[in-house]
Amino acid sequence: MTTMKSVRTVGVNTVEVVDVERPVPGPKDVLVRVRACGICGTDVALLHMGGMPAHAHLGGDMVPVAVGH
């Protein structure tokens, strides 16, 4: 398994750098190496919430999400 680094939320105002499996491009896809990225306002909101609500309308738990693009 080949891995790459990813940054994800792990709690309110907390992120961690993790190794994730690198995607395998299909016959009409490309895989690019990212040298730098930033976060947007949505990423900041997800960071402040501690992740993405699993079932927002049901009051579900927060699910960790990758940030940056």
Side-chain angles (χ1 to χ4, degrees):
M1 171 179 76
T2 304
T3 62
M4 64 183 198
K5 300 290 184 193
S6 181
V7 176
R8 70 176 179 193
T9 60
V10 292
V12 176
N13 297 321
T14 307
V15 296
E16 68 181 0
V17 178
V18 295
D19 287 314
V20 297
E21 188 171 342
R22 185 166 52 181
V24 176
K28 294 185 179 184
D29 298 326
V30 297
L31 183 63
V32 297
R33 178 174 290 171
V34 177
R35 298 195 80 179
C37 74
I39 60 172
C40 68
T42 302
D43 291 334
V44 173
L46 293 171
L47 175 61
H48 290 314
M49 292 189 307
M52 175 78 69
H55 298 284
H57 64 283
L58 300 175
D61 293 332
M62 293 300 202
V63 177
V65 299
V67 296
H69 49 265

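Bear in mind the structure is a predicted one, so any value in this text is a computation, not a measurement.
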For the atom pair CZ (Arg22) and OG1 (Thr2), what is the distance rounded to the nearest 0.5 Å?
-> 5.0 Å

One should read off an interatomic distance between Leu46 CG and Met52 CE, to the nearest 0.5 angstrom, of 5.0 Å

Nearest heavy-atom pair of Asp29 and Pro25: which atoms, and what distance?
-> CB-CB, 3.8 Å

Between Val63 and Asp61, is any pair of side-chain heavy atoms under 4.5 Å apart?
-> no

For the residue pair Met49 and Val12, what are the closest heavy atoms and their distance?
-> O-CG2, 3.9 Å

Heavy-atom pair with the smallest gap, counting every atom of Pro64 and Arg8 | CB-CD, 4.1 Å

Supply the atom-to-atom distance Leu31 CG to Met4 CE, rounded to the nearest 0.5 angstrom.
-> 7.5 Å

Cluster check Val20, Val17: I/L/V/M/F/W/Y, side chain < 4.5 angstrom = no

Sidechain-backbone polar pair: Thr42 side chain, Cys40 backbone, donor-acceptor under 3.5 Å = no

Report yes if the side chains of Val15 and Leu47 come closer than 4.5 Å at any heavy-atom pair, otherwise no.
-> yes

Without swapping roles, check the side chain of Asp43 against the backbone of Gly68 for a donor-acceptor pair under 3.5 Å.
-> yes

Can you check side chain to side chain contact (heavy atoms under 4.5 Å, CB included) on Ile39 and Val44, steps first, answer last?
-> CA-CA 7 Å; Ile39 60 172; Val44 173; 3.8 Å; yes

Any chance you could lay out the side chain to side chain contact (heavy atoms under 4.5 Å, CB included) test for Val7 and Glu16, step after step, and finish with the verdict?
-> CA-CA 6 Å; Val7 176; Glu16 68 181 0; over 6 Å; no

Keeping the roles fixed (side chain from Thr9, backbone from Val65), state whether a donor-acceptor pair exists under 3.5 Å.
-> yes

